[in-house]
Amino acid sequence: MEKLPKAQTLNMRKHFLCNSCTLFFDKEPLKIVKASKEFMYDEEGNKFLDCINNVAHVGHCHPHVVSEGTKQMSLLSTNTRFLHDNLVILAERIASTLPSSLSVVYFVNSGSEANDLALRLARSYTESNEVITLDHAYHGHLTSLIEISPYKLYSLSKASDFYSCPPYVHIVPCPDVYRGKYQDCNFPENADLGQMYADEIKSVVDALAKEGKKPACFIAESLQSCGGQIIYPEGYMNKAFQYVRDAGGLCIADEVQVGFGRVGSHMWAFETYGVIPDIVTMGKPMGNGHPVSAVVTTAEVSAAFHSLGTSYFNTFGGNPVSCAIALAVMDVIENEELLKNAQEIGSYLLSKLNDLKSKYSIIGDVRGIGLFIGIDLVLDRTSREPATDKASQIINSLMKKHHIILSRDGPYSNVLKFKPPMCFNKDDAVLLLEKLEEALIESQESVSTKANAL
Ligand code: PMP
């Protein structure tokens, strides 16, 4: 399966590829040559438990997905200017999982393309350029999206960064009640943090109104992944949507990471708040590794886009092969009851991780829903000082040593991030918990050994 020895692969990568794209485990990167279900295999045949690849949603190289894609590839792959059954069947199937108002589907090839088109739709409908985005958000790599992705270029706390925020982009604090602007530890238990964070949006729309402007949209992931697996406080999304809509703007739910049932209780994470967005974007898991993504909106928003005389065409978006693959992914989600699995395994993990939290003070917070879980590591529970180095040690050495692939994220890179293929089962969960506990103990020991040596 290897075409080159690992050292040569690494050298050629350094030589011929840009170094802006970093590797996982950059000191000793993995060379993965095959994968199946929730496991990846390196060039020596070592097996790794994959806890992070939300793209391989229904399991790496799922046979049904591979077979449907292969069959269609041998028949036809062309663009959407011809009638094709796969295209309309997939559009109907996606729409059937969404509230009835969301009925018009645009097919694209990546999450970035989906969000870029969502911005165009919102700006066309509202005839406004103003976008409200969350601090620490990431919505894609296109120029239009880097502008609204503080995660990559700037954040409220680093206002002096080289890339300044364009005047039509308004960053509001991420509603993170553990580490954000309003933290639960600083307020009485019954304080309405959802309202406090939503008021930040109200301030933006009020300020815009004073200038005679209105928002084009508020865009947010339904659960913020890059910000450190954030679940928004009660009432936040409802109020945020209301303030934006009252001001004439649209609400975009970015479901690129968290859609297609990851939360277990629902197909789409926005449903957990009881809100209905005007535009939903989806990607990553949709093709189980094949590039296929989509934007879904209302007939009114789509009509406004069309009425501008816009002719929308996307060479690869919606080709019959991509549609066959996305349909197969949806078959597997249903046939293998993957939402139910996400709910069961997610609840099990959350309860066991909370047990670990009661034993190990390095765990400051455990949060999650379904198979979307974050473990916020701290040096001190009172100050909540992020344990960034320990998070790195746990992931890059201690868990990797046990062949468990985990990652970390958040503004301080101290949140262990768990978003595995949805076929992750109880045995995998038991192994993960056992090795994580060992890693927590080892990381504590390594600190005391260092302290003794000083
Ligand atoms: N939105 C979110 C929330 C994402 O996490 C990503 C990718 N990490 C994107 C959009 C962009 O997707 P893509 O990389 O497929 O362009």
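Throughout, residue positions are numbered sequentially from 1 according to the sequence presented.
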Contacts table for residues 7-22: side-chain donor-acceptor under 3.5 angstrom, sequence neighbours left out:
from	atom 1	to	atom 2	distance (Å)
T9	OG1	P5	O	3.1
T9	OG1	K31	NZ	2.9
R13	NH2	C21	O	3.3

(Q) S101 vs I276, test: side chain to side chain contact (heavy atoms under 4.5 Å, CB included). Steps then yes/no. (A) CA-CA 9 Å; S101 56; I276 299 183; 3.7 Å; yes
- prompt: Cationic tip of R120 within the cone over F305's six-membered ring, i.e. under 6.0 Å and within 45° of the normal?
  reply: no
Requested in this report: Could you check if a side-chain atom of M399 sits within less than 4.5 angstrom of a side-chain atom of F48, using non-hydrogen atoms only?
Outcome: no
ask   = How about E434: does its CD atom have over 12 heavy atoms from other parts shown lying under 6.0 Å from it?
value = yes
For atom NZ of K239, is the number of surrounding heavy atoms from other residues, nucleotides or ligands below 6.0 Å larger than 12? yes
Checking H136 against Q224: is there a side-chain donor and acceptor pair closer than 3.5 Å? no
Check: Just wondering, do F24 and L30 contact through their side chains at under 4.5 Å, heavy atoms?
Finding: no
Note to self: Testing the 3.5 Å rule here: is there a donor-acceptor pair between the side chains of S302 and Y106?
What the structure shows: yes
| query | Does the gap between the ring centers of F424 and F418 come in under 6.0 Å? | reply | yes
All heavy atoms of A240 vs all of A198, minimum pair found to be N-CB, 4.2 Å
### Message
Side chains of L90 and F107, heavy atoms from C-beta outward: is any pair under 4.5 Å?
### Response
yes
With the side chain counted from C-beta on, respond yes when L377 and Y412 share a heavy-atom pair under 4.5 Å apart, and no when they do not.
no
Shortest non-hydrogen pair, M267 vs L339, comes out as N-CD2, 3.8 Å
**Message:** Under the criterion side-chain hydrogen bond (donor to acceptor under 3.5 Å, both in side chains), I'd like the reasoning laid out for N288 against H62: C-alpha separation, chi angles, the key distance, then a yes or no.
**Reply:** CA-CA 8 Å; N288 214 47; H62 193 289; over 6 Å; no
Contacts of E336 meeting salt bridge (charged side-chain N to carboxylate O under 4.0 Å, His left out) (sequence neighbours excluded), chain-then-number -> none
Between G283 and S293, the two heavy atoms sitting closest are CA-OG, 3.4 Å
Residues passing the salt bridge (charged side-chain N to carboxylate O under 4.0 Å, His left out) test with K417, sequence neighbours excluded, are D409
message = Does atom NZ (K37) have a neighbourhood of more than 12 heavy atoms from anything else shown, all under 6.0 Å?
response = no
N-O pairing of E334 and R93 below 4.0 Å:
yes
Looking only at heavy atoms, the pair that brings L350 and G368 closest together is CD1-O, 3.5 Å
_Within-4.5 Å side-chain heavy-atom neighbours: K284 and F260_ = no
### Message
With no hydrogens and no angle check, just 3.5 Å: does a side-chain donor-acceptor pair link S222 and W268?
### Response
no
Of all heavy-atom pairs linking M286 and M282, the shortest is SD-CG, 4.0 Å
Minimum side-chain heavy-atom gap T126-P215 below 4.5 Å: no
Less than 4.5 Å apart, any side-chain heavy atom of I132 and any of V205? yes
(Q) Is it true that S112 and H141 share a donor-acceptor pair across their side chains at a distance under 3.5 Å? (A) yes
